[in-house]
Structure formats: C-alpha cells, structure tokens
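A, B, ... follow the sequence lines: proteins, then strands. Residue 1 opens every chain.
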Amino acid sequence: MEQTRIGVFVCHCGSNIGGVVDVPAVVEYARALPNVVYAERNLYSCSEAGLSSLKQGIRAQRLNRVIVAACTPRTHEPLFKNACEEAGLNRYLFEFVNIREHCSWIHRKDKEQATEKAKRLIRMGVAKASLLEPQEETESNVIPAVLVIGGGIAGMTAALNLARQGFRAHLVEKQARLGGWLPHINRLCPTDEEAARLIDSVIREAQAHERIILHMPATVQEVSGYIGNFHVTVAEKEGKCTFDVGTIIVATGAEVLQPLGLYGYGRFPNVITQLELEERLRPPPSPSPVNDGGGKRWESTVFINCVGARIPERPYCSRVCCMTSLKNAIRLKKQNPAAQVYVLHRDLMTYGVEFERYYRRAMEAGVRFLRYDIERPPQVVGNGRAEAVVVWDTLRGQERRLPVDAVVLNAPLIPASDNATLSRLLKVPLAESGFFLEAHVKLRPVEFATDGVYVCGTARWPADVSESIAQAYAASAKAAIPMRAGAVTAEAITAFSVPERCMGCGTCVVTCPYQAIELRIANGGHVLSGTEGLQKQVAWVNVVQCKGCGSCVAACPSKAMQQRGFTDQQVLEMISVISGL
Amino acid sequence: MMNQSVLVIGAGIAGIQVSIDLAQMGFPVYLVERTPSIGGRMAQLDKTFPTNDCAICILAPKMIECAGHKNVHLLTYSEVVGVEGHAGDLRARVLQKPRYVNMERCTGCGECAAKCPWRVPDDFNVGLSNRRAIYIPFPQAVPRKATIDAPHCVYLQDRAKNRCRMCEKVCQPGAIDWEQQERIVELSVGAIVVATGFDPYDAGVLKEYGLGKIANVITGLQYERLVSASGPTSGELRRPSDGKPPREVAFIQCVGSRDVNYNPYCSSVCCMFATKEAILANEHDPQCRSYIFYTDLRAVGKRFQEYIARARTEYNVTYIRGRPGVIGENPQNGNPIVRYEETTAQQLRAMEVGLVVLCQALLPRRGQQDVAKLLGVELDEYGFVNAPARLRRPVDTSVPGIFACGYCSSPQDIPDSVAQASGVAARVAEMLAGE
Amino acid sequence: MNTPEVEIRERVRQLLDDDRLPGVLGLRAEHGHVGPHVFNSADDLTALVLEPRYGMALVCQAILDGSPKGRLGVVARGCDERALIEMAKLGQVDLARLVLIGLACSEQQARECMCTRPYPRRIDVGEKVAGVAPGDDARVQQLLAQDVQARLAFWQSEFNRCIKCYGCRNVCPVCICDACVLEEMCWVERGKIPPELPFHLIRAYHIADKCILCGACESACPVDIPLTTLYALSQARLKELFDYEPGLDVTQKSPLTTTLEETPLHEL
Amino acid sequence: MSEQDFHPRIVAFCCNWCSYAGADLAGVSRLQMPTDFQVIRVMCSARVAPEWIIKTLSAGIDGVMVLGCHIGDCHYIAGNHRAAKRFALLKEMLGFVGIHPDRLRVDWVSASEGTKFQTIVTEFVERVRELGPTREFVTAHRRLDTD
C-alpha cells in the first residue's frame, strides 16, 4: 500500500491568525505529527501565491493527503479542493482545519492557549486525513423525457415548456379530455378574458406538439426508479403502456368542495355553487341574463364566502374564492345593473395590486359587501326555495334580512381524492391538509424532497391561473436542469452499506428522509444460517438520491452503514486525539 | 442562433434563484446588483413565516451556491446604464462603481471597518445602528469584501488634505486601492430578467402615526433587525427610547397601503410578517402581548391560517379589526398611545403600549422607473412591472426577451417569488431554444 | 379444571391434527431434561411441559430460517410474543408463518421476572395478571434516589465482574447483528477484561428501543450483573419520552427513527 | 486540582448548515470564549452517533456538545428530530450509569446566532469545570482492572 504522505499548510491570514496564533510553532508541531511529511506557512493561503505554493508542495513532496489550516470550509473549501485537483490529487483527500473563526478570532486574549488549540485542531485534522480515501463522484444519466401527471392548465404548460426545450413529454390525463377545470369557467379574474379562449389555445398547442405524447384517459399505475431513470406504467383504455422518463411533474390539480347540507344547498333549488353559476354564465347556449330556469330574472343575489372553509375541520383559506365572488358579482351587476348583489364575506382576500383593484371595481359597480362572523353565520331561510338570507352585519352591529332570488355558495378547493394513491406511488408526502407537501415551504416550493419529482398548481395549494402557470414553469425549470445536463452527480459524502455487516433490519430505510435506501437481495449479502441459496435482504443506498446527512449511519446498530468523508473510524480517531492529549 | 447568455438585474432571493436555475441549466448568467453584496431584503429578515425558519440560515447557502457557480458572473456594486437590441441579441452596459478595494486582495477580515473612525447610519440595520465608511454590509455578505462608501470617506472627500487613510494603514494584504475608477462593462445577452425587489414606503408621510417623532414607533423592517441575533441589539427586543423590553407591542397594518390617498394596493405580505413578528415578541418574552390592527387578515398561503390560530392561542396575539386614527405618546414613559375604532364593536378606544410597529406599504424599488425606461418595459400606475398577458404569460414583460419576477412584478411573498423566479428560468430557456 | 399443561397439550393437538400444522414448538421433558422441541402429530404430547421458562423467539427464528416455507406453531408467553414482534420489525422473522398459542404467566412468575406484561395479546391458556411497570423496579428506584457518583460506584462494581463472555448479547432476541460492534477494536478495546463502559452502554443503547424486558440476558450472565435494571430504566424513559413500548405492534416504528411530527418527544 | 486549573477537554459536534455557521459568525463577530473545546464538523446533527458520545465520555473527554439547526430548520428535512430524540434517551441512560447528564449538551444554534454559540460554549465549559474531570471515573474503572 502507498505510504501516507500528509502536507500541512498553515495560513497566517495576515494578522488574523498570525496575530494570535504562533504560526511558526504550529508548523513545527505539525511537521512532527505521524504521517506528516511536509508543513509550511503562508501569509494568505487563499491568494494566488498561497494556492500555487500548495500545488507546488503537492507535486514536489508527492503528497497524497493535504491539510489547510485557515478559515472556514463553508466558504473556502471548494477553492482548495479545486487547487488539489489541479495538482493531480483527488479532491476528497483534502481536509480543512478552521483555526480562524474557531480559534484565533474567538481566543484573541489568550495567545498561548489559542496556539495550543490550533495544534490540537491540526492534530485532529491529521488524524482524520490519514483515514481519508479518494472518492469518485457518481454520475448517472438522465433520460431526456418527462412524465407530467395532469392535463389541466398547469400540466399542459409544463409539458409544452419542456417539449419546446427539446424534451419528450408524456402527459397523462385521467379524463377523456384536456383542460381540467378551466372549460367549466366563464371568464377569468382579473382580466375578464374568456377562460375557453385561453384553455382552447393551450389544448391545441399541446395536442399539436410533436414531442408531447398524450395518454388519455389514463392513470399512472406504477412508478419505480429514481431521478434520471424512472420506469412508468400507465393504465390506458387499451391496456398498459410503459415508458422511461428522467423526471416527473405532478400537476393533478384540486377538487371543489360540494357544500351538501350547508346553507340550504341540496334543499333549495335556488341555492347553487359558484361552479354552477359559472356554467350558467358561460356563453352560449347558456341562458342569459341569468335566471332561475323559469324565466324570472335574478333581482337579488347573495354570495356567501368561506362555505366550508376556515372552519375547524378545514382551517385553511382557499386563496382564490374571494376573487371568484367579485368576478361573478360584477358580472351579475353588468347584466342587470338594477339587481341587488351582496357578497357576504369574512376577511376579503384580495391580496396584491390587481385583486385589490378588482375589489374597488366591484364596489364601484354597486356590489354590496357585508362582513359576517363565523360565530354567527348567515342563515338561508325559505320554504321550498330560498327566500332570504339573515345575517349579522358585524360592522354595523345589526341583523340584516336580505331577500334573495338566488344564493351562490363559494366553496373552497380541496385536495384531489386520488392524492393519497399518487403519494404512495411516487413516495412523496402529503401535508396534513391533504395537498402535496413540497421540499421546503419557503425556498423549494415546487420541488419534492425526492429528487427528480416536482409539483405545481393546485395539487400543491389553491392558486389562480397565472400562479398555476408560473409554478408550472418553475417545475419545468427544475425538471429541465438535470435533463439539460444529461446527468446528475452527487458530492461523494453519501452513505454506503457494507453488505457483509448488514442484517437487513431496515432501520436505515425508515430513518432516511429521502427514500434513498432500499433492501435488496444482494449477492454477497448475509446468508441465513443453515440454509443454502436463501439470502436475506441487505440495505442498498442509491447514491443519486442520498443527500449525505448521515442519519442512517448513526441509526445503524451494526455500523454496516457508513458515510464517505465522515466514517466512524475517522471521527473516533479525532476523538482519541483529544482524549489522548 | 440567439445569444445564450442572460442578464439578471437585482440579486435578492428572486434574482439569486433565477440565476442559480439558469446557471444549472447551462446558461451563462450576469447577475448585476446595485449594493456591495447579494442577498437583498431577505438577508435583513430575522425569521420567515409560517415556519419561523431563520432567514439567513436558508438564504446564505443559496448566496454561496449562486456566487460559486461557474456559470454565474457576479457584478456587485454595479448598475445597468444602457440596453439596446432585441430578444436573442441584446447589448447591455453595466457601470461598476469603484469600491476602492482590490477584490482579489481583500480577505474580508474586517480589520479596516473595525479601525475606520467614520460612522454612517447603517442601511442594513435600517438606521438603528452605525456602520463605518469602509464596511462589509453584513456578516454573511457575498462577496465578503470591504467597500468604501465614498461620500462618507473623509479622505475621498478631499484627497488634497490627505486625511485619515486608516483603512490603508491597517489592511495587511494591501487591498485598499484609491485609484479605482468607475468602469463600464459591455455585455451581450439573449434575455434580461428584472428582479429589483421592493423598498418600504416612507411611513413618516402619515404624520398621524408619528414615525420619527415618537421614539417607540418603528417600522416592520426595523423590527426585523431588532429581533435578529445579528442585529444592533444582538437579538434582544429592546425599544429605542430607553432600551427596555416592551411588554405590549402594537402592529399597525396597511400603513400607506389599501388607501387611495397613498398606495391603493395591498402589499400582500404584511398580515403574515406582522403575525410572525408578534410571535417572535412572545418568544423573546413570554409575558409580551401583541395587538395586530388589521383591515382584512389576508392569510392565503400554505399553513397561514393555522399560523394565525397558533399566534392567537399560544403566543398572546390579539387581532383587532380597525385602522388606528392617530398615535400619541405618554410623555412620562415614552409609551405610544394608539387611538382606534374597534369596528366590530363600533367603539372608539385608546391603548397604551410599549412599542408600535408600522407595517408600511412596500413599493417597487426606488430606481425601478429608470431601469424600466432603459429597458423600455411598461410599468403599471404604481410602478410594478406590467405583464400584458398576465394570465397566460405571467412572467413576460411588454418587451420580448425581457422577463420579471419577484416583488418588482407584483406584491408577493418569498415562496411565490422563488416560484416565479424559477418560472422565468423556464421561460428564458423556452425562448432561447428558439421554437 | 384442567392444569395449564393439559390445556396447552389439547391446543397443540388441535393444531397438529385438526389444522394439520406440521409442527408446534414447545418444551419437552425427556430423561429429566427440559428443552425446546418441535412436536409433530407422532409425538407424545404428555412430554410437553411449561416449566422452566425458556425463550422461544430465537429458536423460532432458527427453525424458520432452516426451512424456506411452511408454518410453525409455538407456545408463546408474553415475552416470547413481544420478542417475535420486535424481530419481525427488524426483518428477522416472518410472523405470517407462525401460529402462536398464547400462554399467560402466573402472578408468581410475573413477580419473579419483574415482568412488565406477563401475557401475550391473545391468551389461549392461563389468566391475565398485572405486570410491573419498568420504572417500578425496586433497584431502579433505589439507584435513582442516589446521586450520580453513587450510581457510578454501583455500576463500576457490577461491571467490573464482567468477563466479556457476550452471553447477554448471544441470548438477546433483539440483538440481531452478525457483525457486532462490541467485537470491533474501534468501539471496544480488545483483550481487556473487564471491558470498559462502552461495552455495556453501547449494547444498552442499541436495544433501548427494542428491549422487551424478557430477562434472558441477566439469566445468562455468569457473574450476575443486574442488566435488566439498566434496561428497565431505558424502557421506563422510552415510555415517558415517546409513549412507546417495544413489542406491541409490528406496524409501530421505533420513535428514534421517526420525526417529531410522527412521534412527539415529551419533556421529562 | 482546583476548578481554575482544570482545563476540561470538550468536543462540540456542529452541523454544517446552522450551528457550524453560527460558530463561524461568532468568530466573524470576534466573540470571545474559553479555548477548552474543539469543534468537529458533521453534515447534520443526525450523523452524530450516540455511540460516539458514549465513546467520547468513556475515553476521558469531559463534555460533549451536539449542536444542530433549530427544529424546523434542518437542511435535511428532519435530521435534527432524530438527534433530539436519540440524545434525550441517551442522556437519561448516561445519568443512570453515573455519568452526569450535564456532560452532554444538545442545543440548537442557527446561522445567525453567533452570540448564542458563545453563550452555550461559555456556560458549558463552566458547567463541566464544576463537574470536574471524567478522568477520575475512567481511571477508577481502570484501577480496579489492574488491582
């Protein structure tokens, strides 16, 4: 075996380290440590001069491990690792020792002790470095194709974007037609453009694109694999279809709550949902102006917001309903300016510029707003049909009785009923609310923790058309990154299992937050006592999915699981340095 | 063939995200930032709603990733001064302001700032503390290099007098470079992304709220710095007048927003950040009570309603529907007195509190007009970037090849900005593919 | 009324004859010796006895491992069943291949073993009597009343008798590793008797979320180290911290592998 | 040996994303603290094997800190949840066999909490000084061995 030859480069960082730590003494100390064959000091290790001296040292001294004792690895590690590589040394044979942030800067008053501590830290570094091994970053290919689940506006936008970037897109829609909810909508807030015109043009584009393969009506039945290489089985009318993709986008949308039993819905024929109103408003052959089917014009309409939303069993706000009320209230006013139109609301969620402007437009159009309290909800009263809504007006402090020709209930979007199935198929989580749970609420809104699987639109959370489209683009960007590169690489700090030690207990599998570990029957695995040919399963880490947290390693009782660059031996060696001093 | 490079203007979370995404997609990116460090407004925040994640903890790795990516070329302390051409073939002129510090030599040790004798109100801490004339804007700044604030440097003010030059004396690597000049960088790109973010509205315009007159009336952004561990009080919530921790904090929503006299639109994020700030007040001092005066409690995002419910039940936060008319001051103890109508009870009331936080309107960045003029993009009447096809193409501006994301395009929170930013990356890729 | 032996024999006969199970694992008395035996229909069931107590889980595993398919009946006390459930969680036995004949222990037996649950989930024979909560162990209480110095002195004097025979590990049904860290130089120094603290503590930690308090380790210890006292403490704490008990339900995950949302951590 | 002369040997395991960054910030802010601790960087507090703690304390190191991201901030979704649970249980077991549970400190330090890092280190060093060296119980153990 090659002899271990460690080089130690200690940085003065001007006076930042040198002004506190006795650098020459530290260099002398380092030189005498086991396996160290070379030590030097630099005024600034990160300067051009420092880096070329480092490279020179590696070549001239035939170093096979390098330690830089300087500042924090969090900012400077890549710089030194690159320098090692340029000098022909595997970048994983480099160890960083922080004697600035963690020593000279915090022990300025005690130079002697600070110097001793710098020595200890370097000795720990040397102990670890002796056990470092060269690592190869694993690269795995990425198939330049995407599976988009859901053929609504979000799914089609994502598929089209990726197809236009040159990727094949499998678009799976469970219904017999594309478009999702939008074909049921009349006009869109805040531009008042016809939903049909927007969605029809997108449907035509999606159908026409040569790289989009439509599976419809079809459902995803099985998914296996990982980023770059997913194997997908789709159930279609004519049996099964299988194909491979590199990435997956979930754009399955949401459903709308049916407010059965609420506010007279299902009991009075003139209590309808917002969606039913949309159908009536839609041009032609829908009757216009709106009437109750018997020909009588609606002279008085009451919209009730938050029907079945923001209540204990469904605490969330569905984000888009207030705007829908405003839009349709204005529409009714336009069709019949003399009509009374009330919107009963709790907080009115017209966030931002456009929606707030729309709110003012509604007020100008004569729509009346009345704030109700969930403690005293509106009552829809009538006999055979709704005749009036009785409501406590919180801002006036009085009860109002509003006669009605129709009541329109504004119910929230709810998670799609097949989310749970899809969540299991793709091994991606659902939040408590039942919508899909992204990797990080703040900074990774369209990604799942599982690499290569993304989410957009109302499958993730209620969103309006433009938000859904923006998210669809975002998911496309995330999917395009590995597909454009054609490969994914993982920093070699991933976990790996030693099959001879593994008992297949599965503790690592449960512990892993990324589903990167599975149990596999492997040759060379643990063979059951007294049997021939029968093999137990052993843990297998998919390094493409592993993020290198090491949680599984700490959990493994036989220590069959280890982490590159953070093995038990390396850390115990560092500990024994301190305890032995 | 279209030029495959992209210019991104503004390096807040949106600009950083779009740069990282584009760079990872393989496009060369020029990221131009007006200030000495990337990070933008998010770097100033303490925590983020609704998870109370520490803002800098989650942002700093992105900043480092962005600056370290081989496809990203950072141009900090720089401004775009000219643009011509058309989608796929745009030429931009970028002015690099002199830092008077050699970027290669500076190690970011901060000795210069420690010794510089000239104190300047610190923008990063929203004027709550001073920095020096030579400075690193915040500890996690990227690049971590010093900058001399020329108008406040006594030497640069009058070189002939040859005063001070303390930074030069203490800088061991010899990074101070008095001879640095403005530099124009010419860039050829295929697309441009505008991500210039927001500025808080000057709440002092609303005289009735006493900002600047009453010591214990501060703004939301100042509050963020006050509770931040890296802020002027090392994260202890102490009010400006006497340094005492307040026992009651009042948060006033819609200060200068949703008001036709000032800014008619809704700033979208204030209900939530006030809730977060109120929760933090209670975390700092479990005795502390908060009152949030609101018009509509706009909590439309993921887990927002639950966050508000927890604020109520676990963190001593009371929500009062009403917009205070005037804020006075108790001369004895410096306590602000909030006068308001509790609209749900139809009653006029007054409340004495230890600290008032004004959640002021957030406006497009100062200078957005100039950027828009250079680029030829339309703005709406409030100065947000207009998206003519806002439903179908939400991140496209009125000019082909130019896109916008983040707060400069419309009031939105961090996840929406991040999603939009990634969305822009996909749109740029689609456009530059030329199909 | 029949004795438990008679009842068990009848149940075993039913399984063998009526349900055509190929074998049932129980204890057999032969020439004055008692040991585990797989009874089949040809065997004389009067040789089937219940005493002395004998851990069946490892025997079960060995039998199942020895034949790739087929089912096995087993006379199982509470501790046997819990051991099998934990082993199943760890992928070591397939519960679907086992038919358990549940045997509840008597009050006296429960007291002798300081048993927490002296009965299986389904009792075929015997009557359910209350167990001892792990924290109620008198020695645990006594030690907790002392300060850390005194506890250290106690354990040192106990551990110093250890001859590192690995008996505790070998008989433990939830100590499943073939490659054991206690035999690794970097964790436990070689050739050193008594072994240092990590020997006992690492083992205690490894089984802390799996130990079903069967007491086999202590019975096996040739120098009588009160190991169950140490493990009873961790079981008591496991219950208080996570409201979790090993061995009750094969679908329950160890709280040490889950998030705080999945299994909350209660402050003590 | 008096408390003042005693320089305890302390290891602090810090996760790469929050607490190591918090320690860096303490450095950048020049916050002064005792020299008696060494940081070992790991990617996540969940990598810290409880066996390490057992080994460390038995080897005569006087105190161990495990510092991670605040709950909710973990870079690896919920690694610190596992750490919190493992060490809650381990602490109890340590105390029961006579290693003072205060010799293990588990805490959360964010990237912006340089001051908190300083406070924790200072307090912990002080506490370990009060507790005295573990060497005594280690050697007591060894002495019996050689008797």
Side-chain angles (χ1 to χ4, degrees), chain A residues 13-16 44 46-48 74-75 78 161 164-166 188 191 193 198 202 310 315-317 319 347-357 360 373 394-397 431 433 435 440-446 461-462 465-467 469-474 476-478 480-481 484-485, chain B residues 13 21 24-26 48 50-51 53 58 62 64 68 104-105 107 109 111 144 172-173 258 264-266 268 296-306 309 343-346 380 382 384 390-392 394-395 410-412 414-416 418-427 429-430 433 435:
Chain A
C13 196
S15 63
N16 284 297
Y44 290 104
C46 61
S47 65
E48 269 315 307
R74 295 185 72 258
T75 54
N161 178 270
R164 285 172 181 151
Q165 288 189 54
L188 296 170
T191 56
E193 63 200 270
L198 187 148
V202 180
R310 299 179 62 197
Y316 65 89
C317 157
R319 190 177 179 109
D347 294 289
L348 206 72
M349 304 296 190
T350 52
Y351 58 94
V353 174
E354 296 293 331
F355 296 145
E356 186 71 10
R357 195 191 338 252
R360 282 196 306 279
D373 186 348
T394 57
L395 299 187
R396 291 196 189 156
S433 54
F435 292 99
H440 189 277
V441 193
K442 229 45 197 180
L443 293 188
R444 298 177 67 192
V446 299
W461 191 249
V465 171
S466 76
E467 289 165 344
I469 290 176
Q471 287 171 23
Y473 280 127
S476 310
K478 295 298 175 193
I481 289 169
R484 291 181 80 101
Chain B
I13 182 60
D21 285 338
Q24 290 187 344
M25 288 163 110
T48 58
T51 51
D53 271 335
I58 55 178
K62 286 228 176 208
I64 292 168
E104 275 75 51
R105 288 195 180 162
T107 63
C109 73
E111 281 302 307
R144 211 188 126 71
Q172 293 215 350
R258 297 190 70 192
Y265 60 88
C266 159
S268 288
D296 287 288
L297 203 51
R298 292 188 172 161
V300 298
K302 223 167 179 172
R303 301 193 60 79
F304 287 8
Q305 290 289 339
E306 291 87 336
T343 53
T344 48
Q346 295 82 39
D380 71 9
Y382 313 120
F384 292 102
R390 75 177 55 260
L391 290 183
R392 182 72 192 94
V395 296
S410 66
Q412 57 193 297
I414 292 170
D416 286 0
V418 169
Q420 258 200 354
S422 294
V424 164
R427 272 293 291 145
E430 181 176 301
E435 200 177 302

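One finds the OH atom of Y316(A) at 11.0 Å from the NZ atom of K302(B) (value rounded to the nearest 0.5 Å). Taken from CZ in R484(A) to CE in M25(B), the straight-line distance is 5.5 Å, to the nearest 0.5 Å.
Here the side chains of R258(B) and C266(B) are in contact, with some heavy-atom distance below 4.5 Å. Proximity of R144(B) to T75(A): side-chain heavy atoms (C-beta onward) are nowhere separated by under 4.5 Å.
Among the candidates T350(A), T394(A), N16(A), the residue making the largest number of heavy-atom pairs closer than 4.5 Å to chain B is T350(A). When each of R444(A), Q471(A), R360(A) is checked for heavy-atom pairs under 4.5 Å with chain B, R360(A) comes out on top. Counting heavy-atom pairs closer than 4.5 Å to chain A, the top residue among L297(B), I414(B), V418(B) is L297(B). Among G68(B), P50(B), G301(B), the residue with the largest count of heavy-atom pairs under 4.5 Å with chain A is G301(B). Options A425(B), S422(B), A345(B), S410(B) differ in how many heavy-atom pairs under 4.5 Å they form with chain A, and the most are formed by S422(B). Of the listed residues (T48(B), V395(B), V424(B)), the greatest number of heavy-atom pairs within a distance under 4.5 Å of chain A belongs to T48(B). In terms of heavy-atom pairs under 4.5 Å with chain B, the best-connected choice from G352(A), P315(A), G14(A) is G352(A). Between chain B and the residues A472(A), S476(A), G397(A), A431(A), the largest count of heavy-atom pairs under 4.5 Å involves G397(A). For the options R392(B), K62(B), Q420(B), heavy-atom pairs under 4.5 Å to chain A are most numerous at R392(B). Of the residues considered (A426(B), G423(B), A429(B)), A426(B) shows the highest number of contacts with chain A, using heavy-atom pairs under 4.5 Å.
There is no side-chain donor-acceptor pair under 3.5 Å between E111(B) and Q172(B). Side-chain polar atoms of Q165(A) and N161(A) form a donor-acceptor pair below 3.5 angstrom.
With a 4.5 angstrom heavy-atom cutoff, L198(A) touches chain B only via side-chain atoms. Contact annotation for E306(B): only side-chain heavy atoms (C-beta onward) come within less than 4.5 Å of a heavy atom of chain A. Contact annotation for I64(B): only side-chain heavy atoms (C-beta onward) come within less than 4.5 Å of a heavy atom of chain A. Neither the backbone nor the side chain of S47(A) comes within less than 4.5 Å of any heavy atom of chain B. No part of R105(B) comes within reach of chain A, as not one of its non-hydrogen atoms sits under 4.5 angstrom from that chain. For a residue to count as touching a neighbouring chain, one of its non-hydrogen atoms must lie under 4.5 Å from one of that chain's; by this rule A299(B) touches chain A with the backbone only. For T51(B), the part lying near chain A is the side chain, with the backbone staying farther off; criterion is any non-hydrogen pair under 4.5 Å.
The aromatic rings of Y382(B) and Y265(B) lie tilted to each other, with the angle between the two planes from 30° to 60°.
Side chain of Q305(B) to main chain of V300(B): no donor-acceptor pair is present (N/O by atom type, distance under 3.5 Å, no hydrogens or angles). Not one N or O on the side chain of W461(A) forms a donor-acceptor pair closer than 3.5 Å with the backbone of R303(B). Put simply, the side chain of Q346(B) gets close to the backbone of T343(B): a donor and an acceptor are under 3.5 Å apart.
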Please determine whether salt bridge (charged side-chain N to carboxylate O under 4.0 Å, His left out) holds for the pair R319(A) and E467(A), giving the CA-CA distance in whole Å, both sets of side-chain angles, and the decisive distance to 0.1 Å.
CA-CA 11 Å; R319(A) 190 177 179 109; E467(A) 289 165 344; 2.9 Å; yes
